[in-house]
Amino acid sequence: MSSISPAAGATAVGPRPAATATLRVGLVGCGAFARFSMARYRKLPGVTIAAVADIDPAAARRAAGELGAEARSPDGVLVAPDVDLVYIATPPALHFRQARAALEAGRHVLVEKPLATTVADAEALAARAARQGLVCVANLVERYNPLADAVATVIRSRLLGELVHGLFVNEAADEGLAPGHWFWDRDVSGGIFVEHGVHFFDLVAFWLGAGEVVAAARSVRPRAGAAGDGDARTVEEQVMCTCRYAAADGRHTGILFHFEHGFHQPSRMDRQELRLVFERGELRLFDWVPTHGELRAVLDDAAITAVAALLPAAEIRMVERYAGAARQVRGRFRSFEAAALVEISFTTGKDKLGIYGDVVADLAADQVAWIRDPAHRRRLTEAEGVASVALACAADRLALAGR
Ligand SMILES: NC(=O)c1ccc[n+]([C@@H]2O[C@H](COP(=O)([O-])OP(=O)(O)OC[C@H]3O[C@@H](n4cnc5c(N)ncnc54)[C@H](O)[C@@H]3O)[C@@H](O)[C@H]2O)c1
């Protein structure tokens with residue numbers, strides 16, 4: 001069924017189904033997110049779900065029934081000869097061992113984020129995948145959002161001037177995370193920066209390149225009903241860090257970007273805002289996988305038309321128009337002309353689950369395309385999995401040192 005062809009830049013050759021053959025996926029970890037992802041993977045052209053596994057046999061049986069696949073043992077699926085790609089959706093601390101086992105067996109791997117919970121483990125997986133010509137990417141879906149591309153284009157266009165700083169505020173719900181959930185156990189999750197922050201480190205790296213952590217902090221709260229001492233009595237509920245990215249114009253010491261993730265809200269209050277502040281205004285994205293956004297800026301008429309053309313389903317609202325001397329605007333010791341203060345709303349036209357499903361499917365389809373044809377250029381590679389873990393671990397270290 002499979003034919004063998006070389007991967008670009010690889011020192012060994014991974015198994016690649018022929019362009020016409022079906023790519024067989026094996027799932028390890030049949031929890032909440034796997035069920036969401038697999039509902040999308042099974043609809044990808046040329047992809048079939050061959051086998052599923054979970055340490056909890058009831059979870060495996062349920063997924064097998066939903067997906068029309070065979071339930072097997074986790075170790076069986078990781079090395080199964082009739083599986084081309086293993087999708088690992090277990091808690092983070094298991095990712096390294098399970099992904100390594102699948103790679104050793106010559107399987108391609110799509111692993112839930114984070115790629116691993118330490119930089120050394122993430123690097124080891126990426127190096128092994130490269131040596132064997134295999135995929136081993138983390139499911140960092142944010143850069144597959146059409147709004148990620150739109151924002152990248154706005155930054156590059158400089159229609160709003162230079163990017164000055166950024167902010168991501170994630171006031172997340174913890175209503176579904178009971179005190180005993182693995183999410184609160186740092187030995188299993190790696191902590192909030194590693195388990196969760198990687199998504200947004202990767203999104204900002206997509207726009208601004210590599211960053212460095214310059215400040216970090218965290219806060220804990222009592223763990224409900226906890227016995228024991230020290231860390232066992234508390235859970236990490238909030239982390240914050242500031243990273244510095246190289247400025248495009250080289251005129252100042254770098255773009256500071258602040259990331260904040262807190263898990264303390266009722267589900268109905270779950271909310272996220274990503275804000276990019278430019279010389280002439282700001283652009284905001286809303287939702288955890290951004291669905292829509294707003295831009296507010298002082299611009300000339302040509303720039304208003306040009307920036308609106310870069311944003312999907314843009315709706316322009318003139319807040320005030322300027323004439324004569326009022327057209328002169330100053331900021332950062334510079335003068336420029338503005339015809340209006342404008343607000344532009346834009347949207348993907350989808351709700352959160354709609355866009356989430358799309359990015360999950362698009363990431364998998366991108367990796368499958370590379371498995372079939374190594375000349376295909378992937379939007380996300382193993383390197384981004386490593387870079388996001390590296391930034392997360394650096395932030396975590398600094399936050400722990402300061403507590
Ligand atoms: N990419 C995303 O947007 C996104 C969103 C949510 C969660 N996730 C990630 O998905 C992963 C799973 O999260 P979840 O919310 O689905 O958790 P979950 O607890 O609902 O599911 C985990 C599953 O793994 C199973 N499991 C545990 N140990 C196992 C083992 N040794 N072998 C096989 N199965 C085992 C559990 O029984 C459970 O069914 C995490 O890494 C999480 O960070 C990613």
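Everything quoted here is computed from the prediction, not taken from an experiment. Below, all heavy atoms of this structure are taken into account, side chains as well, without hydrogens, waters or symmetry copies. All ligand and atom numbering here is 1-based and tracks the order in the structure.
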Atom indices of ligand 1, in the order listed, that fall short of 4.0 Å to a heavy atom of [X]:
X	result
P91	22 (C), 24 (O), 27 (C)
Y356	2 (C), 3 (O), 4 (C), 5 (C)
A32	16 (O), 20 (O)
H95	41 (O)

Legend entry - Heteroatom distance test (D54, ligand 1): nitrogen or oxygen, under 3.5 angstrom: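 In this structure, D54 places an N or O atom under 3.5 Å from an N or O of ligand 1.
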Legend entry - Polar proximity ligand 1 side, H181 side, N/O cut 3.5 Å exclusive: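 So ligand 1 has no N or O lying under 3.5 Å from an N or O of H181.
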Quick one: look up the protein heavy atom nearest [atom] and list residue, atom name and how far away it is.
atom	value
atom 44 (C) of ligand 1	E112 OE1, 2.9 Å
atom 21 (O) of ligand 1	G31 CA, 3.2 Å
atom 11 (C) of ligand 1	T90 O, 3.5 Å
atom 34 (N) of ligand 1	I55 N, 3.3 Å

Considering only heavy atoms, which of [options] lies nearest to [atom]?
atom	options	result
atom 22 (C) of ligand 1	A89, A53, A58, G29	A89
atom 41 (O) of ligand 1	K113, H199, H196	K113
atom 32 (N) of ligand 1	Q98, R35, R62	Q98

Inset, instruction - Examine the proximity of ligand 1 to L140 and report which part, side chain or backbone, both or neither, has a heavy atom under 4.0 Å away. - result: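 Answer for L140: neither.
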Legend entry - Neighbour count above 12 (heavy atom, 6.0 Å) for E315 CD: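 Counting neighbours around CD of E315, 12 or fewer heavy atoms of other residues, nucleotides or ligands fall under 6.0 Å, so no.
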